[in-house]
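Below is one structure, written out as structure tokens, with a few remarks after it.
Position 1 is the first residue of the sequence, and the numbers go up from there. Hydrogens, waters and symmetry mates are skipped; everything else that's a heavy atom, side chains included, is used.
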Amino acid sequence: MKFYIIAGEASGDLHGSNLIKALKEQHPEAEFRGWGGDKMQAAGMEPVKHISELAFMGFIEVVANLRTILGNIKLCKKDILDYRPDAVILIDYPGFNLRISKFLHQEGIKNYYYISPQIWAWKKNRVHQIKKYVDRMFVILPFEKDFYRQYDMDVDFVGHPLIDALEAEGKDFSETEFRKQNNLDEGGIIALLPGSRRQEISKMLPIMCRLKNDFPEYQLIIGGAPNIEESFYHKHAYGKDIKIIYGQTHALIRSARAAAVTSGTASLETALLQCPEVICYKGNPISYFIARSIVTIKYIGLPNLIMDKPIIKELIQSELNYKNLNAETDQLIKEGSYRDEMLENCKQLREKLGGSGTSAQTAKLILKQLAR
């Protein structure tokens, strides 16, 4: 059985790799080809394009790179036809994958969507395209099943794949070993997670790095994205002596007293790892203005969206300034009711997302669909 899998971002690479492993366990003869990152390749996928070549964020950035994006779509379509898979698995990445789903439907190739695009936030009209072209949708947020039901569409809620990934990693985690491996002393850590895109990093990291001045007793450590070189971080850290650690972001979060985190999957990872955090976002002003005019959700952070209340402070655009970040960080590191309440809400968040076994459950459902 041949699968073609398409993921366009780091989180999709992680969840795609675990899905590949689960499919292999249940169907050892399965073969995989597709678009993803190092984790999907390590799990056994033959790569076509790496996620480092695919991440374009914001309206202005997408327009500027439109020729590249259209070229990638053309290449993908041709490669799928040449490979002739039994099914294509699309992982989030809607601007690209929804175009591919329509093509697959027209070609009579089964396609399954794992991790729904956030159409409940904006572009709700995309639900009609999904209903028409996608053979089955597997959602990971509890409120998404109800959202699709409004459009007379039955989807499978499989739980959140982060639960599996974090539980597996936690079994072998040792903070002592992490510190020793990275030459860290026993002092407290504040983790800086400025995102995986250069636009995000260039706007947010300079603000985050100023914490070094007012929290000298803490080690500020940047969780490095695999596609971003050290020199880029150093440039936007204004030469401050701040350590960068690659490939160990979850270990960094587990070891940190608090974290400043770019909105996105990382904010959910940090909450599930029980690390107090502040959610940050500062992007292209024009792209942000356009987004705010069409987005219909109350919060930008996934933990707040899932809990339907602001359990974590969000500092967005002009609110992300050093005065606000400093004050929030001070609240997060201090013992007291503010920190305790956030940690309790993070525990409730974990319970709301359901149990483990997401990858295995999704693999089972995909194979069941193909057997029909």
Return the minimal non-hydrogen interatomic distance between [X] and [Y], and the atom names on each side.
X: Cys209; Y: Ala237; result: SG-CB, 3.6 Å
X: Ala7; Y: Ile51; result: O-CG2, 3.6 Å
X: Gly264; Y: Leu302; result: O-CD1, 4.1 Å

Side chains of [X] and [Y]: closer than 4.5 Å at any heavy-atom pair?
X: Ile119; Y: Pro94; result: no
X: Phe138; Y: Ile115; result: no
X: Ile222; Y: Leu205; result: yes
X: Ile311; Y: Met342; result: no
X: Pro117; Y: Tyr93; result: no
X: Asn345; Y: Lys309; result: yes
X: Ile221; Y: Ile190; result: no
X: Ile80; Y: Ile100; result: yes

Treating Ile, Leu, Val, Met, Phe, Trp and Tyr as nodes and any side-chain heavy-atom pair under 4.5 angstrom as an edge, say whether Ile242 and Tyr246 lie in one connected cluster.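 In one cluster: yes.
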
Under 4.5 Å between side-chain heavy atoms, hopping through other hydrophobics if needed: is there a path connecting Tyr148 to Tyr133?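 No, no single cluster joins them.
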
With no hydrogens and no angle check, is any side-chain donor or acceptor of [X] less than 3.5 Å from a backbone partner on [Y]?
X: Asn182; Y: Leu184; value: no
X: Lys24; Y: Ala43; value: yes
X: Glu200; Y: Ser196; value: yes
X: Tyr113; Y: Asp92; value: yes
X: Gln129; Y: Asn125; value: no
X: Thr262; Y: Gly195; value: yes
X: Asn324; Y: Leu320; value: no
X: Glu144; Y: Leu141; value: yes

Determine, using ring centers only, whether Tyr114 and His15 are less than 6.0 Å apart.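 For His15 and Tyr114, the ring centres are not under 6.0 Å apart.
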
Report the distance from atom [atom1] of [X] to atom [atom2] of [Y], rounding to the nearest 0.5 Å.
X: Ile89; Y: Leu23; atom1: CD1; atom2: CG; value: 5.0 Å
X: Thr329; Y: Glu277; atom1: OG1; atom2: CD; value: 11.5 Å
X: Leu70; Y: Arg99; atom1: CG; atom2: CZ; value: 7.0 Å
X: Thr362; Y: Asp164; atom1: OG1; atom2: CG; value: 9.0 Å
X: Leu343; Y: Gln348; atom1: CG; atom2: CD; value: 11.5 Å
X: Ser263; Y: Lys282; atom1: OG; atom2: NZ; value: 12.5 Å

If you measure from the Lys or Arg side-chain nitrogens to the Asp or Glu carboxylate oxygens, is any gap between [X] and [Y] under 4.0 Å?
X: Arg84; Y: Glu31; result: no
X: Lys298; Y: Asp308; result: yes
X: Arg179; Y: Glu175; result: yes
X: Lys49; Y: Asp79; result: no

Take Arg350 and Glu167, measure what salt bridge (charged side-chain N to carboxylate O under 4.0 Å, His left out) needs, and give me the verdict at the end. CA-CA 12 Å; Arg350 165 66 177 80; Glu167 284 186 355; 2.9 Å; yes

Can you confirm whether more than 12 heavy atoms, excluding those of [X], are under 6.0 Å from its [atom1] atom?
X: Lys145; atom1: NZ; value: yes
X: Glu217; atom1: CD; value: yes
X: Asp82; atom1: CG; value: yes
X: Glu186; atom1: CD; value: no
X: Lys352; atom1: NZ; value: yes
X: Lys347; atom1: NZ; value: no

What do the steps show when you test Leu193 against Ile253 for side chain to side chain contact (heavy atoms under 4.5 Å, CB included), and what is the final call? CA-CA 9 Å; Leu193 307 178; Ile253 296 169; 3.7 Å; yes

Do [X] and [Y] have side-chain atoms, one donor and one acceptor, less than 3.5 Å apart?
X: Tyr322; Y: Asn326; answer: yes
X: Asp38; Y: His50; answer: yes
X: Tyr281; Y: Glu319; answer: no
X: Asn304; Y: Glu314; answer: yes

Check whether NZ of the Lys or CZ of the Arg Lys2 lies under 6.0 Å from the centre of the six-membered ring of Phe32 and within 45 degrees of that ring's axis.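 No.
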
Parallel, tilted or perpendicular: which one describes the rings of Phe96 and Trp35, with boundaries at 30° and 60°? tilted

Step-by-step side chain to side chain contact (heavy atoms under 4.5 Å, CB included) determination, Asp156 to Gln361: CA-CA 10 Å; Asp156 294 294; Gln361 171 73 353; over 6 Å; no

Are Glu335 and Arg257 close enough, and set up right, to give a salt bridge (charged side-chain N to carboxylate O under 4.0 Å, His left out), and what steps lead you there? CA-CA 11 Å; Glu335 292 290 349; Arg257 178 70 178 176; 3.1 Å; yes

Quick one, Trp120 with Leu305, criterion side chain to side chain contact (heavy atoms under 4.5 Å, CB included). Give me CA distance, side-chain angles, the key distance, then yes/no. CA-CA 11 Å; Trp120 32 265; Leu305 282 167; 3.8 Å; yes

Tell me which one of Arg149, Lys131, Arg136 satisfies salt bridge (charged side-chain N to carboxylate O under 4.0 Å, His left out) with Asp154. Arg136

What verdict does the side chain to side chain contact (heavy atoms under 4.5 Å, CB included) test give for Tyr338 and Leu332, after you've listed the backbone C-alpha separation in whole Å, the side-chain angles of each residue and the deciding distance to 0.1 Å? CA-CA 7 Å; Tyr338 187 83; Leu332 295 175; 4.0 Å; yes

Worked check of salt bridge (charged side-chain N to carboxylate O under 4.0 Å, His left out) between Arg198 and Glu229: CA-CA 10 Å; Arg198 294 174 188 270; Glu229 64 276 11; 2.9 Å; yes

